[in-house]
**Student:** 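One structure, pasted below without further comment.
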Amino acid sequence: MDVTLTVNGAQRTLQLDDPRVSLLDALRQRLDLTGTKKGCDHGQCGACTVIVNGRRINSCLSLAVMHDGDEITTIEGIGQPGDLAPMQQAFIRHDGFQCGYCTPGQIMSATAMLDEVRQGWPSQLSGDLGPAELTDDEIRERMSGNLCRCSCYPNIVDAIRDAAQGGDRANAEDAA
Amino acid sequence: MKAFDYYRAESPADVIGTDARPIAGGTNLLDLMKHQVETPDRLADVNHVGLDGIERDGDGLRVGALVRNSDLAADPSVREGWPLLSRAILAGASGQIRNRATTGGNLMQRTRCYYFYDLDTPCNKRAPGSGCSAIGGVNRIHAILGASGDCIATYPGDMAVAMSALDAVVEVEGPNGRREIAATDFHRLPGDAPQRDNDLQPGEMILSVRLPAPLGGKHIYRKVRDRRSYAFALVSVAAVVVMDAGRMSTVRLAFGGVAHKPWRVPAAEALLQGQAPSPDLFDRAADAVLDGATGQGHNDFKIPLLRRTLNAVLAEATEGSK
Amino acid sequence: MSDPIEVSLTHRMNFPDKEDLLDRTAQGILGTPMDRPEGPLKVSGTATYADEDHPPGTVYGWLVRSSISKGWVTGFNTRDLRAMPGVLAVIRDKRMLRNPAQGQASKAPYQGPAEIFYKGQPIALVVAETFEQARDAALNARADYDDRSAKGVFVPAEAKYEAPRSQQASKGDLDEAMDEAAFAVDVEYHTPSMSHAAMEPHAAVAWWDGGHVTLRGSYQMLGSNKAELADALGISPRNVRILSPYVGGGFGSKLGISHEGVAAAIAAQKLGRPVAVALHRRQQFETTHRRSESRQRIRLSCGADGRMTGVGHDAWVSNLPAESFSEPVTQATPFTYDGENRQIGHHVGRLNITCAGSMRAPGEAIGVPVTEAAMDELAQAAGIDPVEFRLRNIPEKDPSSGRPFSSNRLADCLTRGAESFGWKDRRENGARREGEWLIGMGVASAIRVNMLVPSTARVILLPDGTARVETDMTDIGTGSYSILTQIAAEVLGLPADRVTTVLGDSDLPQSSGSGGSFGAASSGSSVMLAAKAVREKLAKRMDCDPDDLTLKDGYAIAENRRRTLAEVLEGDTLQGTGTIKKGLTSVDHQQACWGAQFAEVAVSTVTGEVHVRRLAATFACGRILNAKTARSQCIGGMIFGIGQALHEEISTDARDGSFVNRDLAEYHVPANLDVPHIDIEFLNDRDPYANPMQAKGIGELACCGTAGAIVNAIANATGERFRSFPVTLDKVLERLG
């Protein structure tokens, strides 16, 4: 069966002989987009996070065939060396990673998470379920679906806060 | 993962009455299929059948089976009228999983019992008649209420616990038409057929969940677990308490992590209803909830934990309302 | 291009460094918080890990687990599996591993998939055209067994313990000291089996070219891994190349060649095609190493003046039969605190559960938190502030061996740390409450032995004045790419962007590898020596003494002459090779890294949940090579300590030794919300006995002590002592009124 995905803005058609292929394995093994990582293959770590139709999901817990016609953004579509997105630059600046394996998932998750906050989505810490202020604890809670065994969490929080508060400005200063 | 046939259903009619297994978010089903705990022959992708709206239903709300957990939790009317449901959903899983998981799918979530997941050990839920490895095994996360000699697994979710407390109704359709199941009765006790998690019959599909009119009052979902986020409940307490002139005019309680289904004890609610709050009364309510509670060894702590958590939740719910 | 001009320097650490070269160089890049040079690759998904960048035609393998705990495989449904779609091979080769090699083994570990020693042991590899086909077939594998599981030993209480003579020690009379002491504690602590759970599960892809195999894998020590793989396959190490340019976390789990590497190589040879084998997360938990559980008896005594008179530490750990490794729990105890009367005991039990091996700071990671908790108990008994009690008992020299310390900054760390943390605000046990939460503060010393391991590197200065660093060192997240770049840049006076560091290829000069926190010091010293050899050659070309040469920003400056390096090189390439070896300074001095850790916790009086509200630490570990990556290492280590204190435990079924919670949903590594703000402070420090850079290990030191500080804080909050890790809420609940 043919599955057509729009990946990072480009239309890709996969001839899938097997419906068992997860979205994650389709990206990694069949589209050679290995930036999306496999940490557990069961939705327990977040390393495989991609953005599908504007929302972050675990690509390991989805079949590729279920995404025919969907728009998918992977880490490769967020920014490449020489043209990194503010969130990626903030992760470098704050050392929001060590081994780097969970990092693409963290960045995808953080990127979509800020969008969720902009839409006013509450979290379990948002006491009155009203629009959330992006406190450090709110960042921590909303990023808890991305495990980091090197345990860069405090730096990840710093990076996301920085990117959310205008990483662009900081980048401009860095570049200057 | 066993090979299966896949098709994309265009409407509920493509699924109802068939032997196909509906897959929506896939967050639990694919997890289990990868371990070959679940081995469906046919998968019906129901992501495109509609049923993804939240609409007014008199004073209540009808939530389509395909509404994602994130959308349900963030929905302004749910936050306003049924905040318990938002809180329960937000206490579960992660942002990524909630973006995929659906209302219907979450009701179908299966247990996290270690042995259910391990093909090399006996499990009556996975392989009826093979035995229960959790009894006499590692059972820290297992049931203290309503368990049987054949199964001590728990229902692991949060959303359904809130739905039970809110007297939600699950609307299903099968080859013989539509029917309604109270959320509290949707999940079963294991008895001697633990392979059946719930009351959904072959060929039936969940269409929606109906929330009755808002109760008002305080809505508290307190989830106790080993990690502060992204962990299953050891014990959770869902409570709605409406105070009127210093008395609890309405009380709804449901408990997660302690049984094969969201645990609801009308006797405990009746005991509190109409009464002025007091620690002694809360304790008697806990007695009623824990009537018949039995530990399996590693999970004995859940009995005092449930009592203490319930007491604290009731204290919080009635605080300052005298 | 002409052949490079080769120079070399080999240095054995027989004497303390007096040259202070890195304090005299001019570039000023070393020690700065430079961003990781590989950062752009890692944040964009373009850094390639083991199971990536597959050669064309790669097929997939999946390991089959044993469903029994002890016995023999007597039959296998190979024919059924071969008939399944896409299946290419079912491999049960006697060279397959029982368990991964231990760190620095340099030979194959126990081999043979037919005899079963623990549940989940790999017994076969199924290879198929696609990943999905291989997984399906492997899950349908059925073995016949001669099942001897009934004779298996699965719980420590039933194990037979050996007490290797070389691992027992005593001095004076501890029993008498305990009897006569004004205050004494004699307590038993338990720590559980734990798992490294690096985010990248072990994976390898192998392909052959004639008799030569190349393995892309996730390994920490390529020099010994090459020897291990060669030994396992029965070929010469010259015919093995291992590539590990990026390693998705190790923590000791990837020290030795593992199942997937050997199985992939065997399958690739058999099929004549590249074969990729990735461990499933559950296989990582049950077939790679665990940290051993431990039972620890601590005996401590002191006089009325709070001066210690006795220290006893006995440990019981376990491993599979015939494994030589045993968690060196008591490693830091002989030299941490004073006391005339001392006893060390070490006991190893044999269990039929997953192999035990090195996990981040083997020994101290579980030994130090326990002794630090017992120290707190003694301080409390003696009525002395815990920081003050520790300060009173820091020895002048190693109290067991009598050796001097190369450096002992424990007192400085405790004093400075207590001040920064606000230790003076600590109240009596159980005295601080906020709503339902009891608040407490705790302290623990952090101690980890410091090591140096032979390491070689090449630094090539190219005619255009740029440099390349080459060594088979790995970067497992520790910052090797950063610090090796900085060291070469510092010594050669180059901006960091003119230095390229190439790592993770076993064809490059053999380094220490990453392990035991010796990687930075060892591989760093080799790079420094290689660059120094080049520097000396440059001095010659500048007609000056190396001491009179200034190298900065790509210029060579001597007296009043200033030339670009390209001008000095005149088209030549200078290739320096540096080798560091340990020597007498490791023997005649006790070397260690030091720190003090502080924790503030909140304990719910309702549920028994413990939240860590604040962590802080002060460390002294020699020269800091990169302030940013060093801090990250410390944060990571301390968060490991949060997991150890509060969450992490492999739950073993006592009936068959299986690990029931072998995934990331039920084995709880800390998540983001579990982690508070963490303050890290490094003391300005140098240890000239350690190595020519005067730097020491960091990554492991940080996880030695944190769990002690946390349980001590819990004791301060609640007034209750918890002697079984992790302190989960059920244990707290049991003691709450």
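Below, chains carry the letters A, B, ... as their sequence lines are ordered, and counting in each starts from 1.
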**Student:** Measuring from A:Met143:CE to B:Ser94:OG, what's the distance to the nearest 0.5 Å?
**Tutor:** 10.5 Å
**Student:** Tell me, side chain or backbone of A:Cys45 under 4.5 Å from chain B's heavy atoms, or both, or neither?
**Tutor:**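 Interface part for A:Cys45: backbone (N, CA, C, O).
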**Student:** Using a cut-off of under 4.5 Å for heavy-atom pairs, which of A:Arg140, A:Met66, A:Met108, A:Met1 has the most such pairs with chain B?
**Tutor:**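 So the answer, after comparing A:Arg140, A:Met66, A:Met108, A:Met1, is A:Met66.
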**Student:** Counting distance only, does the side-chain N/O of B:Tyr6 pair as donor-acceptor with the main-chain N or O of A:Arg20 below 3.5 Å?
**Tutor:** no
**Student:** Counting only heavy atoms not in A:Gln80 (residues, nucleotides, ligands), do more than 12 fall under 6.0 Å from its CD?
**Tutor:** yes
**Student:** Nearest 0.5 Å, what's the CZ-OG distance between A:Arg55 and B:Ser70?
**Tutor:** 6.0 Å
**Student:** Examine whether an atom of B:Lys223 lies under 4.5 Å from a heavy atom of chain A, and if so say whether it belongs to the side chain, the backbone or both; otherwise answer neither.
**Tutor:**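 Neither part, no heavy atoms under 4.5 Å.
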**Student:** Hey, which of B:Met33, B:His35, B:Arg98, B:His48 has the most heavy atom pairs under 4.5 Å with chain A?
**Tutor:** B:His35
**Student:** Which bit of B:Leu32 is near chain A, if near means a heavy-atom gap under 4.5 Å: side chain, backbone, both or neither?
**Tutor:** neither
**Student:** Quick check on the interface: out of B:Arg100, B:Arg228, B:Arg227, B:His219, who has the most heavy-atom pairs with chain A under 4.5 Å?
**Tutor:** B:Arg100
**Student:** CG/A:Asn146 to CD/B:Gln96 distance, rounded to the nearest 0.5 angstrom?
**Tutor:** 4.5 Å
**Student:** What are the two closest non-hydrogen atoms of A:Ser22 and B:Lys34, and how far apart are they?
**Tutor:** CB-NZ, 4.5 Å
**Student:** Take atom CG in B:Asp59; do more than 12 heavy atoms of anything else shown fall under 6.0 Å from it?
**Tutor:** no
**Student:** Step by step, work out the side chain to side chain contact (heavy atoms under 4.5 Å, CB included) result for B:Asp71 and A:Trp121.
**Tutor:** CA-CA 9 Å; B:Asp71 290 316; A:Trp121 286 14; 4.1 Å; yes
**Student:** Of all of A:Val52, A:Asp18, A:Asp68, which one pairs up most often with chain B through heavy atoms under 4.5 Å apart?
**Tutor:**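 Most pairs with chain B among the choices: A:Asp68.
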**Student:** Between B:Tyr221 and chain A, with a heavy-atom cut-off of 4.5 Å, which part of the residue counts as in contact: side chain, backbone, both or neither?
**Tutor:**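 Nothing of B:Tyr221, per the 4.5 Å heavy-atom cut-off to chain A.
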**Student:** Would you say B:Arg79's side chain and A:Asp128's backbone share a donor-acceptor pair under 3.5 angstrom?
**Tutor:**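 No, the answer is negative, given that no donor and acceptor are paired below the 3.5 Å cut-off.
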**Student:** Should we say atom CD of A:Gln119 is surrounded by more than 12 heavy atoms from elsewhere, each under 6.0 Å from it?
**Tutor:**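 Yes - once you tally the heavy atoms of other residues, nucleotides and ligands closer than 6.0 Å, there are more than 12.
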**Student:** For the residue pair A:Pro122 and B:Leu90, establish whether any side-chain heavy-atom pair is separated by less than 4.5 Å.
**Tutor:** yes
**Student:** Run the numbers on B:Leu30 and A:Leu63 for side chain to side chain contact (heavy atoms under 4.5 Å, CB included), then give the verdict.
**Tutor:** CA-CA 8 Å; B:Leu30 282 174; A:Leu63 296 171; 3.6 Å; yes
**Student:** Given heavy-atom pairs under 4.5 angstrom as the criterion, report whether the side chain, backbone, both or neither of B:Ala73 touches chain A.
**Tutor:**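 Just its backbone gets close to chain A.
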**Student:** Which pair of non-hydrogen atoms, one from A:Gly43 and one from B:Ile97, has the smallest distance, and what is that distance?
**Tutor:**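 Closest approach of A:Gly43 to B:Ile97, heavy atoms only: O-CD1, 3.3 Å.
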**Student:** A:Leu129 and B:Arg87: which non-hydrogen atoms are nearest, and at how many Å?
**Tutor:** CG-NH2, 4.0 Å
**Student:** So for A:Thr49, is it side chain, backbone, both, or neither that comes closer than 4.5 Å to the heavy atoms of chain B?
**Tutor:** side chain
**Student:** For A:Arg56, is there any backbone N or O sitting under 3.5 Å from a side-chain donor or acceptor partner on B:Asn99?
**Tutor:**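 Side chain of B:Asn99 to backbone of A:Arg56, a donor-acceptor pair under 3.5 Å: yes, one is there.
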**Student:** Taking all heavy atoms of B:Ser229 and all of A:Glu141, pick out the closest pair and write down the distance.
**Tutor:**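 Of all heavy-atom pairs spanning B:Ser229 and A:Glu141, the closest is OG-OE1, 2.7 Å.
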**Student:** What is the distance from atom CG of B:Asp31 to atom CD of A:Gln44, rounded to the nearest 0.5 Å?
**Tutor:**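 Atom-to-atom, B:Asp31:CG and A:Gln44:CD are 6.5 Å apart.
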**Student:** Taking side chain as everything from C-beta outward and backbone as N, CA, C, O, which of these in B:Ala24 sits under 4.5 Å from a heavy atom of chain A? Side chain, backbone, both or neither.
**Tutor:** backbone
